[in-house]
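Okay, structure first, notes after.
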Amino acid sequence: SLQAYEKAESTDSLYDIALMYVNDPRIIDAQFKVEVIVETMKKHGPNRPSSDFVHHQVYSNLPLNERLIFVREVLKLFNPPQKLLNFSFEEVSQHLDISGNQQLNWAYALQNFPAKSINMSHTNVHSFQNIMTIPVQELNVSFTAMQNFKDLTVENLRSLNISHTNIKDLKPLSASPLQILNISFCPITSLLPIKNMKFLRNLIIHKNQFNAVQLALIPAHVGITIVK
């Protein structure tokens, strides 16, 4: 970085940060990288280039133990109102749990995370872009700020819980391999997309959410579970 700046005969705040660490003998591990991001955020806040540094790291070949440290600490940095962060990952089942973090709205550090199952319920996350390039099979985004399915990857999705969100349209799920879908307490008005969900086996709705005419559109192979 310093060589590039010298070649360009220019300096800026990133040059100053590079100078801080050029002779640092420490191993460049997750904690070191987080420290550099902290220094960058002091001068630039959470936007670019701070977010660029995060993006570069999450799409690099970080070993799992390093990724866990990096992602956890970055989520804390970018969500200062969230005083206590729930963040746990079960390696065997590949289940990631960040549920209950009600002040968490920035979670882009999760991109490219090696999880098959994610529980991000009861957070303030509002975009599926936060979990891009994750081959997730089970996803719980209930009680979040989600409003649509933009940026959701459905190719591997088997179970999805969107209950208590403001998602209104199921069309993006039409050709998905979903087997379980929870749409209870959502402002969904049309069940027509359900007809094209060939693998769906269980649809979860709340009492009186749909009338008899609407429910008649649901194919016979789909079981209905009604919750209160």
Side-chain angles (χ1 to χ4, degrees), residues 1-89 94 96-115 118-120 122-136 139 141 144-153:
S1 296
L2 290 173
Q3 289 174 349
Y5 274 112
E6 290 167 1
K7 187 176 180 179
E9 297 182 347
S10 67
T11 59
D12 58 18
S13 59
L14 293 182
Y15 175 84
D16 296 335
I17 293 172
L19 275 179
M20 290 173 58
Y21 294 101
V22 65
N23 294 315
D24 197 311
R26 290 177 294 168
I27 296 173
I28 303 177
D29 57 9
Q31 291 288 4
F32 185 99
K33 294 170 182 175
V34 170
E35 183 180 322
V36 174
I37 292 172
V38 169
E39 292 300 323
T40 307
M41 291 180 70
K42 287 179 182 178
K43 299 179 182 293
H44 299 277
N47 300 315
R48 304 181 71 175
S50 306
S51 58
D52 288 343
F53 285 2
V54 174
H55 180 86
H56 179 269
Q57 288 304 311
V58 299
Y59 282 97
S60 66
N61 294 320
L62 280 175
L64 180 59
N65 61 325
E66 289 287 290
R67 185 177 294 272
L68 290 173
I69 295 170
F70 182 81
V71 172
R72 182 180 64 245
E73 296 306 313
V74 167
L75 288 180
K76 291 178 183 178
L77 282 177
F78 281 75
N79 296 280
Q82 185 64 46
K83 302 303 181 184
L84 295 174
L85 181 73
N86 173 42
F87 180 89
S88 63
F89 181 65
Q94 295 180 284
L96 174 65
D97 184 5
I98 60 167
S99 64
N101 297 310
Q102 296 186 356
Q103 300 300 316
L104 186 141
N105 56 42
W106 187 101
Y108 294 97
L110 295 178
Q111 291 182 0
N112 203 38
F113 198 93
I118 302 177
N119 183 358
M120 53 200 309
H122 295 273
T123 66
N124 199 31
V125 174
H126 63 276
S127 170
F128 287 104
Q129 190 175 13
N130 288 275
I131 55 171
M132 284 178 63
T133 65
I134 300 179
V136 63
L139 180 60
V141 294
T144 64
M146 296 292 188
Q147 298 194 38
N148 56 60
F149 291 115
K150 184 181 179 182
D151 297 313
L152 175 64
T153 302

Search all heavy atoms of [X] against all heavy atoms of [Y] and return the closest pair with its distance.
{"X": "Pro80", "Y": "Lys83", "answer": "O-NZ, 3.6 Å"}
{"X": "Ala115", "Y": "Leu96", "answer": "CB-CB, 4.1 Å"}
{"X": "Ala109", "Y": "Val58", "answer": "O-CG1, 3.3 Å"}
{"X": "Leu77", "Y": "Met41", "answer": "O-CE, 3.8 Å"}

*Is there a side chain to side chain contact (heavy atoms under 4.5 Å, CB included) between Val141 and Val125 once you walk through the steps?*
CA-CA 9 Å; Val141 294; Val125 174; over 6 Å; no
Strictly distance-based, threshold 3.5 Å: is any side-chain N or O of [X] a donor or acceptor partner for the main-chain N or O of [Y]?
{"X": "Asn101", "Y": "Asn86", "answer": "yes"}
{"X": "Asp52", "Y": "Arg48", "answer": "no"}
{"X": "Asn130", "Y": "Trp106", "answer": "no"}
{"X": "Glu66", "Y": "Ala30", "answer": "yes"}
{"X": "Gln129", "Y": "Tyr108", "answer": "no"}
{"X": "Thr40", "Y": "Ser50", "answer": "no"}

Starting at [atom1] of [X], measure out to [atom2] of [Y] and round the result to the nearest 0.5 Å.
{"X": "Phe70", "Y": "Ile37", "atom1": "CZ", "atom2": "CD1", "value": "3.5 Å"}
{"X": "Asn124", "Y": "Gln103", "atom1": "CG", "atom2": "CD", "value": "7.0 Å"}
{"X": "Leu68", "Y": "Phe113", "atom1": "CG", "atom2": "CZ", "value": "5.0 Å"}
{"X": "Asp97", "Y": "Phe89", "atom1": "CG", "atom2": "CZ", "value": "11.5 Å"}
{"X": "Met132", "Y": "Leu110", "atom1": "CE", "atom2": "CG", "value": "13.0 Å"}
{"X": "Asp151", "Y": "Gln111", "atom1": "CG", "atom2": "CD", "value": "9.0 Å"}

*Could you check whether the rings of Phe128 and Phe149 sit parallel, tilted or perpendicular, using 30° and 60° as the cut-offs?*
parallel
_Heavy atoms from other residues, nucleotides or ligands near NE2 of His126 exceed 12 (cutoff 6.0 Å)_ = no
*Between Asn112 and Arg67, is a side chain to side chain contact (heavy atoms under 4.5 Å, CB included) present by the stated rule, with each step listed?*
CA-CA 10 Å; Asn112 203 38; Arg67 185 177 294 272; 3.9 Å; yes
*asked:* Please determine whether side chain to side chain contact (heavy atoms under 4.5 Å, CB included) holds for the pair Val74 and Phe53, giving the CA-CA distance in whole Å, both sets of side-chain angles, and the decisive distance to 0.1 Å.
replied: CA-CA 11 Å; Val74 167; Phe53 285 2; over 6 Å; no
*Candidates Asn119, Thr144, Ile118, Leu104 - the one meeting side-chain contact (heavy atoms from CB on, under 4.5 Å) with Ser99*: Asn119
*Carefully, step by step, assess Leu152 and Leu139 under the rule side chain to side chain contact (heavy atoms under 4.5 Å, CB included).*
CA-CA 11 Å; Leu152 175 64; Leu139 180 60; 3.9 Å; yes
*Minimum side-chain heavy-atom gap Lys33-Leu62 below 4.5 Å*: yes
